[in-house]
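Below: one structure, written as structure tokens.
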Protein chains: 2
Amino acid sequence: MYRRGALIRPERDRGSEAYVVNSGWLFSFILLGDGSRQILRLHLPGDMVGLSCSAFSDAAETLMAVTDVRVIPIDRNALIEMFMEYPRLGAALFLLTQAEQVSLGDRLASIGRTTAKSRVAALLIDTVVRLRQTNSEIGSSFVFPLTQEEIGDATGLTAVHVNRMFRVLVREGLIARNSNQLSILDEPRLTAVASYVNRYVEFDGSILPPSSRG
Amino acid sequence: MYRRGALIRPERDRGSEAYVVNSGWLFSFILLGDGSRQILRLHLPGDMVGLSCSAFSDAAETLMAVTDVRVIPIDRNALIEMFMEYPRLGAALFLLTQAEQVSLGDRLASIGRTTAKSRVAALLIDTVVRLRQTNSEIGSSFVFPLTQEEIGDATGLTAVHVNRMFRVLVREGLIARNSNQLSILDEPRLTAVASYVNRYVEFDGSILPPSSRG
DNA sequence: CGACGGCTTGAGAATACTCAATATCGGTGG
DNA sequence: CCACCGATATTGAGTATTCTCAAGCCGTCG
């Protein structure tokens with residue numbers, strides 16, 4: 001178990017592993033030369049994280065706990081063995097990874113080509129959509145534990161400007177806030193503001209051959 | 001063979017395929033609701049492109065030829081069969097994909113957390129480093145066929161501002177230009193300006209088990 | 001030659017940042 | 001229980017970066 005704020009895997013750690021998130025939230029980030037931080041992705045329960053380390057001798061990114069978090073380590077050699085022994089599983093993992101890559105691309109577009117307000121909206125919508133994937137009870141209200149500083153590092157903004165965009169979203173009746181509790185009041189409009197495309201509805205595993213065990 | 005500017009795979013094309021770039025350059029991009037474009041990645045000879053379509057029934061991104069380009073199609077069903085029949089190849093492809101994901105993450109950090117000048121510098125450095133991977137004869141001078149509009153779409157800037165940043169880089173003695181020909185005059189300094197980390201030097205395929213054919 | 005796409009430059013506007021001060025909130029020690 | 005502390009959130013004022021609009025230039029192609 002890692003406490004909020006703990007580094008789960010320091011950048012440049014040799015022989016590092018991948019994990020499955022058991023409970024809690026964490027994020028991956030990289031540091032730039034000037035000390036600024038870019039959060040690459042928020043990882044929610046059920047996600048696999050840190051796979052990219054499998055391609056490099058050193059971990060390319062750091063993992064930090066957003067809330068108290070439990071993770072299950074996956075040995076990287078075991079991962080490769082899995083590819084050899086259970087190729088269908090390997091193929092499935094490959095597809096999953098491709099889906100993550102598409103998601104990263106969407107984020108790139110959000111940060112590169114949309115306004116601050118839109119980026120914040122996109123982060124919120126994407127988070128709630130992903131939460132619903134593993135917890136169908138999530139409605140339009142959920143706990144969002146990131147600080148505004150962290151939201152800024154995820155969206156390429158400063159904490160101050162994140163704060164202003166939040167209040168704009170509130171003023172326009174798109175969301176409501178109460179400490180960590182966040183409510184989406186007008187999801188269609190928030191989705192539009194965010195230029196958000198929900199690709200999870202189109203994930204296509206049908207390409208995989210049927211399991212040999214039927 | 002596709003001509004410069006041709007769409008190699010229109011977004012939303014069903015049953016689309018992946019490709020290997022044989023000759024020429026192309027890029028992948030996505031369009032946002034307001035018509036703006038984000039270029040996700042430049043694809044050079046030897047690259048695999050369009051793999052992400054394997055996870056979705058519809059292609060998530062569009063491919064466009066930057067120069068005249070030759071590509072070799074890869075059927076997506078054949079790709080999955082490869083995973084089943086040649087798991088070691090599948091694992092290798094998986095690692096390659098992870099490496100691309102790290103690269104995407106670096107670009108996210110560049111666009112989210114660095115200045116316009118830095119982003120343009122990063123695009124140039126990254127391109128020359130990748131060119132050298134498959135063509136060791138590339139020195140510090142090479143043909144860079146993107147228009148400033150396209151560079152803007154790749155870096156999250158406007159064409160006008162890309163132009164200004166180019167002239168700053170020239171004025172500071174970091175690069176020189178002559179129509180499409182681009183020369184890097186001071187690579188260490190340009191690398192520093194770009195906050196660029198060359199991760200290609202650390203790619204680690206050693207994790208793969210030795211080939212069964214020795 | 002004329003049209004067109006791409007490049008260059010200027011001026012003004014908009015967006016987002018920095019710095020700084022104040023407020024709030026949860027937790028801690030007395 | 002209360003005062004205090006650090007971390008986070010909020011707000012204002014001024015600044016910087018980047019964008020938009022607009023005009024002119026340059027080279028290529030038909």
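Proteins come first, then strands; the chains are lettered A, B, ... in the order of their sequence lines, and each starts at number 1. Note that the structure is a prediction, hence the values are computed from the model and not measured.
- A:F166 has its CZ atom 19 Å from the P atom of C:dT24, to the nearest Å.
- In this structure, OH on B:Y196 lies 11.0 Å from CG on B:L190, to the nearest 0.5 angstrom.
- Atoms CZ (A:R164) and C1' (D:dT11) sit 7 Å apart, rounded to a whole Å.
- Going from atom CZ of A:R171 over to atom C1' of D:dT10 covers 13 Å, rounded to whole Å.
- If you measure from atom CD of B:E149 to atom P of D:dT20, you get 11 Å, rounded to the nearest angstrom.
- Between the CG atom of A:N163 and the C1' atom of C:dA21 there is a distance of 14 Å, given to the nearest Å.
- Here the straight-line distance linking atom CD of A:E150 with atom CZ of A:F27 works out to 4.5 Å at 0.5 Å rounding.
- No contact: B:G5 has no heavy atom under 4.0 Å from any strand.
- Here A:S179 lies out of heavy-atom contact (under 4.0 Å) with every strand.
- At D:dT18, none of the side-chain N or O atoms of B:T158 fall inside 4.0 Å of OP1 or OP2 (strictly under the cut-off).
- Nearest-nucleotide mapping onto DNA chain D: of A:R177 and B:A116, the residue sitting toward the 5' end is A:R177.
- One interatomic measurement links the two molecules: NE2 of A:H161 to C1' of D:dT17, which rounds to 12 Å at whole-angstrom precision.
- Without hydrogens or angle criteria, A:R113 side chain to B:S36 main chain gives no donor-acceptor distance under 3.5 Å.
- With respect to the salt-bridge test (charged N to carboxylate O, under 4.0 angstrom), the residues A:D126 and A:R107 do not qualify.
- Here D:dG12 is the nucleotide among D:dA22, D:dA9, D:dG12 with the atom lying nearest to any side-chain atom of A:V160.
- With respect to A:R41 and A:E61, no salt bridge is recorded, no charged nitrogen being found less than 4.0 Å from a carboxylate O.
- When rounded to the nearest whole Å, the span between CZ of A:R167 and C1' of D:dG12 equals 13 Å.
- Closest to the side chain of B:Q148, out of D:dT11, D:dT8, C:dC7, is C:dC7.
- With rounding to whole Å, A:L146 atom CG is found 18 Å from D:dA7 atom P.
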